[in-house]
S.K.: 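Once you've had a glance at the structure underneath, I'll fire off some questions.
Numbers restart at 1 for each chain; the letters A, B, ... are given by sequence-line order, proteins then strands. Note that the structure is a prediction, hence the values are computed from the model and not measured.
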Amino acid sequence: MTDPEESSRLEAERLAKIERIRVRGGEPYPWTFAGRVSTAEARAQCTGLAPGTEAAGSVRVAGRIRSIREHGQSSFLDLEDAAGSIQLFLRGEELGDRYDLALAEVDPGDIVGADGAPSVTRRGEPSIRVNSLELLAKAIHPPPDKYHGLKDPEARLRQRYVELLTSPESRVRFQGRYEILRETRRFFDAHGFMEAETAVLVPVAGGAAAEPFTTHSRYLDNDLQLRISLELPLKRLLVGGFERVYELGQVFRNEDLDTIHSPEFTLLEAYWAYADYLDMRGLVEQLYGELAAHVARRYPELPAAAGAPSLFRAPFATVDFVEALEAKMGTTGVLERSREELGALARAAGASVPEDSPAGVFLDKLFDKYVTPGLVRPTFVMDHPLATTPLAKRHRSKPGRVERFELFCGELELANAYTELNDPVEQERRFKAQAGGRAEAAYAFDADFVEALRYGMPPATGVGIGIDRAVMRLLGVSSIKEVRLFPQTRPKADAA
RNA sequence: GGGCCCGUAGCUCAGCCCGGUAGAGCAGGCGGCUCUUAACCGCAAGAUCGGGGGUUCGAAUCCCCUCGGGCCCGCCA
């Protein structure tokens with residue numbers, strides 16, 4: 001919209017101020033500001049003072065000017081930093097020439113440092129009675145409206161920094177996200193898991209049915225893909241002798257984006273040798289319980305966070321995939337139905353899936369249509385049909401099923417776990433059966449992964465958790481773009 | 001991919017139905033004001049109305065195309 005070469009008059013005025021500062025020998029972008037305390041600490045030093053009095057001594061605070069209220073020979077500036085904000089009180093009588101200079105040179109949005117006495121105004125507002133005010137970084141762009149903030153949803157995504165500098169609430173959202181990631185790491189570390197960093201660039205992206213991004217290595221002269229899951233490399237680490245491993249990182253799927261899908265998203269996967277999916281179910285239940293307690297403690301002002309502990313109170317509900325589906329459909333024997341029959345049922349339920357999809361796709365669709373919408377509270381869906389899940393071990397007692405659970409909550413999938421398939425012959429057979437179906441629905445055949453299993457992988461369980469969705473649920477955010485700092489947007493085409 | 005909605009000054013919005021040549025608040029400029037906190041008062045300034053095309057004597061407004069965004073549905077896990 002605004003050509004950076006062609007500054008608006010507002011920017012021109014601010015650039016002119018910078019020039020004037022330099023002409024009088026000032027520095028609009030100095031190097032540091034020593035001895036600073038946070039506005040929260042400065043505010044603390046004001047407590048207990050009677051209105052209209054000030055403390056002995058002085059403090060130094062620094063941050064962004066949010067608003068300026070000029071009153072002739074005295075003025076009030078609101079200064080904001082990461083810890084909060086505090087009012088600066090400037091008086092011409094004390095500052096002399098520097099009073100007019102400061103007001104002429106400082107605008108809302110500028111970063112400044114102030115030195116002054118902690119005080120409380122006659123109206124009772126904690127303030128710093130300023131002895132000296134120093135410009136630390138001149139802003140050329142004016143900040144958004146001080147009262148309404150930045151509303152334009154497009155600008156909020158494309159220029160997230162503007163939203164962040166304007167809105168403490170948005171900073172809180174991303175602080176909360178960070179803490180959920182940190183607590184998740186702490187949880188797995190505390191349970192003896194080692195964090196691994198596996199390759200992002202791989203010859204063939206596997207472990208899920210998804211369209212990968214592709215790129216090219218000039219040096220190797222071969223095509224590479226960006227990973228779509230963390231599963232296969234982490235299982236290789238189980239083969240290699242690590243018994244508890246996890247990875248928390250970004251994966252990439254070259255697919256549509258909407259409120260719950262982002263082309264890059266943050267995935268946690270954890271693998272645990274000599275344990276099965278019921279062990280993992282307990283671990284996941286505990287993890288969500290701890291995350292819920294954390295966000296409720298830290299963000300009681302967010303209704304979703306405050307309510308999280310009661311929502312995620314153990315034990316979570318448990319339903320059997322097939323029983324739940326048949327109960328909702330009012331039928332029996334879905335596993336005995338032919339692929340064609342299931343396809344017809346799925347289409348009848350309103351799912352538009354290609355007719356040649358494998359049976360597992362139809363079963364997933366039917367479950368989505370019939371059961372998922374009713375799963376408002378956290379619910380473990382157990383023991384999926386084998387056809388839906390090529391990487392899980394067949395169920396020890398239920399024929400035609402695998403040992404798997406998905407955790408749903410309000411239609412969001414919050415975890416997906418298996419007792420992992422570790423029989424290399426069976427794994428190869430299932431990969432090939434998948435490859436017989438539609439290419440888009442298939443898991444990529446990873447010959448080296450089968451080769452790894454041939455060396456022997458211990459019995460194990462694994463879980464995947466979409467961290468963005470967990471953050472959405474825990475903090476009460478409805479769009480995945482609002483929990484990712486820099487979501488993908490279309491490049492803005494130059495209108496010519 | 002389908003449907004609905006949005007795009008006007010740096011920011012937040014009005015104007016669009018019913019065509020007559022764009023208006024306010026904040027921010028910025030000038031002036032005033034020594035306790036304000038969405039400070040206040042006065043003056044002046046600020047907009048190729050997302051872009052392109054069409055209809056018309058005349059288009060922010062009506063029509064078509066296009067770009068970007070949001071929501072819903074579909075697809076995708």
S.K.: Does any donor atom in the side chain of A:Tyr418 or A:His384 lie under 3.5 Å from an acceptor atom in the other side chain?
M.R.: no
S.K.: Using a cut-off of strictly less than 4.0 Å between a heavy atom of the residue and any atom of RNA chain B, enumerate the qualifying residues of residues 370-381 of chain A by number.
M.R.: none
S.K.: Answer yes if the side chains of A:Asp115 and A:Ser132 hold a donor-acceptor pair under 3.5 Å, and no otherwise.
M.R.: no
S.K.: Return the set of residues passing side-chain hydrogen bond (donor to acceptor under 3.5 Å, both in side chains) with A:Arg401 (not counting sequence neighbours), or none when no residue passes.
M.R.: A:Asp320
S.K.: Could A:Arg160 and A:Glu482 be called an ion pair, given the rule that one side-chain N must be under 4.0 Å from one carboxylate O?
M.R.: yes
S.K.: Nucleotides 43-46 of chain B: which of its N/O atoms have a protein N/O under 3.5 Å away?
M.R.:
from: B:G46; atom 1: O2'; to: A:Arg9; atom 2: NE; distance (Å): 3.1
from: B:G46; atom 1: O2'; to: A:Arg9; atom 2: NH1; distance (Å): 2.1
from: B:G46; atom 1: O2'; to: A:Arg9; atom 2: NH2; distance (Å): 3.0

S.K.: Please name all residues satisfying side-chain hydrogen bond (donor to acceptor under 3.5 Å, both in side chains) with A:Lys138, sequence neighbours left out, ordered by chain then number.
M.R.: A:Asp107, A:Asp110
S.K.: Can you list everything that forms a side chain to side chain contact (heavy atoms under 4.5 Å, CB included) with A:Leu201? Sequence neighbours excluded, please.
M.R.: A:Thr215, A:Leu224, A:Leu226
S.K.: If we ignore angles and hydrogens, is there a donor and acceptor under 3.5 Å between the side chains of A:Arg281 and A:Thr461?
M.R.: no
S.K.: Who passes side-chain hydrogen bond (donor to acceptor under 3.5 Å, both in side chains) against A:His71, sequence neighbours left out?
M.R.: none
S.K.: Scan residues 106-118 of chain A against RNA chain B and write down, sorted by residue number, each residue with any heavy atom closer than 4.0 Å; if none is found, say none.
M.R.: A:Asp107, A:Pro108
S.K.: What's touching nucleotides 23-25 of chain B from the protein side, N or O pairs under 3.5 Å?
M.R.:
from: B:G25; atom 1: N2; to: A:Asp145; atom 2: OD2; distance (Å): 2.8

S.K.: Using the 3.5 Å cut-off, write out each protein N or O paired with an N or O of nucleotides 39-41 of chain B and the distance between them.
M.R.:
from: B:A39; atom 1: OP1; to: A:Lys146; atom 2: NZ; distance (Å): 2.0
from: B:A39; atom 1: OP2; to: A:Arg69; atom 2: NH1; distance (Å): 3.4
from: B:A39; atom 1: N7; to: A:Glu70; atom 2: O; distance (Å): 3.3
from: B:A39; atom 1: N6; to: A:Glu70; atom 2: O; distance (Å): 2.4
from: B:A39; atom 1: N1; to: A:His71; atom 2: ND1; distance (Å): 3.2

S.K.: List in chain and number order the residues that pass side-chain hydrogen bond (donor to acceptor under 3.5 Å, both in side chains) with A:Thr184, two or more places apart in sequence or in another chain; answer none if no residue qualifies.
M.R.: none
S.K.: Would you tabulate the side-chain donor-acceptor contacts of residues 43-56 of chain A under 3.5 Å, counting partners in other chains and residues two or more places apart, or write 'none'?
M.R.:
from: A:Arg43; atom 1: NE; to: A:Ser85; atom 2: O; distance (Å): 3.0
from: A:Arg43; atom 1: NH2; to: A:Ser85; atom 2: O; distance (Å): 2.7
from: A:Thr47; atom 1: OG1; to: A:Ala44; atom 2: O; distance (Å): 2.6
from: A:Thr53; atom 1: OG1; to: A:Ala50; atom 2: N; distance (Å): 3.3
from: A:Thr53; atom 1: OG1; to: A:Ala50; atom 2: O; distance (Å): 2.6
from: A:Glu54; atom 1: OE1; to: A:Arg129; atom 2: NE; distance (Å): 3.4

S.K.: Dump every N/O contact between nucleotides 70-72 of chain B and the protein below 3.5 Å, one line per pair.
M.R.:
from: B:G70; atom 1: OP1; to: A:Lys481; atom 2: NZ; distance (Å): 2.6
from: B:G70; atom 1: OP2; to: A:Lys481; atom 2: NZ; distance (Å): 3.3

